[in-house]
> 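I am attaching a structure below and will ask some questions about it afterwards.
Values below: all heavy atoms of this structure, side chains included; hydrogens, waters and symmetry mates excluded. Whatever order the structure lists ligands and atoms in, that order sets their numbers, starting from 1.
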Amino acid sequence: MNKSVSAPIGIFDSGIGGLTVADAIRQLLPHENMIYFGDTAHLPYGDKSEAAIQAYSIKIADVLLKKGCKVIVIACNSASSAAYELLKEYVRKDAHIINVIDPMVDYLTRHYGGKTIGLIGTKRTVHSGIYAQKLKEGDKNILLHSLATPLLAPMIEEGFFNNQISHEIIAQYLSDATLENIDALVLACTHYPLIKKEINEFYQNRIDVLDSAEVVAKALCEYLIENQLLNQSGKPERHFFVSDYTEAFEASTRLFFHELVALERHPLWN
Ligand code: DGL
């Protein structure tokens, strides 16, 4: 791969949830140019088939490669579980691919050996069993109890959090017997950092609640340093594309990215 330091980082998600990862990347790597793609036309991915998510992911990778990205970050657990291996094969030497699952599995393996971990995510992520499989490979005797929580991502996209409805839905899910007696809870969906505070309140801060945004940003930083691709100076350019545009999406970017960003429409299929 022959990329320059100033080549952008490509980041994608089913929608704007992956902006939580983009936000962590921006904080850790403030000089990196960034191209974000939210596939809002096909949201949510969590209920889609593996084949559909793979097809969308390939199309998005084409867009990001055309824009010269040096790394592509799959800022979505559902797409990471359905399409990571395929994308790695597809882009080959054109860009490096980082998913949101491996950095979290590494973190758990280093810090939670012998513990019982709960996990919540979309149906696609939970039913793929990918976290359990990767944790087993790490061989640290971590017991994983996973629960699909499909109402949470649409609820958050609609701006429903920190209110009575979100409290009740979150409490209902977290009271499920599957999540009894856990030492930590993994938020295996990039939308969920927005409800981390409510989840911590539910557990009264008795357990660790872990999201992947920071560990993914760190994994990206390590890769860039190791490969002499870290951009350390200059004012970055950041572009945000969505496959379908509504003002509501644009208004919500403030929640996920801590500032309002201008979304540009870029259809996946013409
Ligand atoms: N942000 C996606 C994830 O991390 C979930 C949202 C969706 O279902 O599209 O899995």
> Within a reach of under 6.0 Å around CZ of Arg92, are more than 12 heavy atoms found that belong to other residues, nucleotides or ligands?
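Result for CZ/Arg92: open.
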> Report all protein residues having a heavy-atom distance below 4.0 Å to some atom of ligand 1; order the list by chain, then number.
Asp13, Ser14, Pro44, Tyr45, Gly46, Cys76, Asn77, Ser78, Thr122, Ala153, Cys189, Thr190, His191
> Please check if atom CD in Glu264 has more than 12 non-hydrogen atoms from other residues, nucleotides or ligands closer than 6.0 Å.
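Yes, because the 6.0 Å sphere around CD of Glu264 holds more than 12 heavy atoms from other groups.
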> Please list every donor-acceptor pair under 3.5 Å in which a side-chain atom of residues 56-65 meets a protein atom from a residue at least two apart or in another chain.
| residue | atom | partner | partner atom | Å |
| --- | --- | --- | --- | --- |
| Ser57 | OG | Ile53 | O | 2.7 |
| Asp62 | OD1 | Tyr90 | OH | 2.6 |
| Asp62 | OD2 | Tyr90 | OH | 3.2 |

> Once you measure the plane-to-plane angle for Tyr112 and Tyr107, does it fall in the parallel (<30°), tilted (30-60°) or perpendicular (>60°) bin?
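It falls in the tilted class, 30° to 60°.
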> Test your reading of the model: is there a side-chain donor-acceptor pair from His191 to the backbone of Ile156, 3.5 Å cut-off?
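Side chain of His191 to backbone of Ile156: no pair is present.
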> For Tyr36 and Phe240, take the angle between the two ring planes, folded into 0 to 90°, and tell me which bin it lands in: parallel under 30, tilted 30 to 60, perpendicular over 60.
tilted
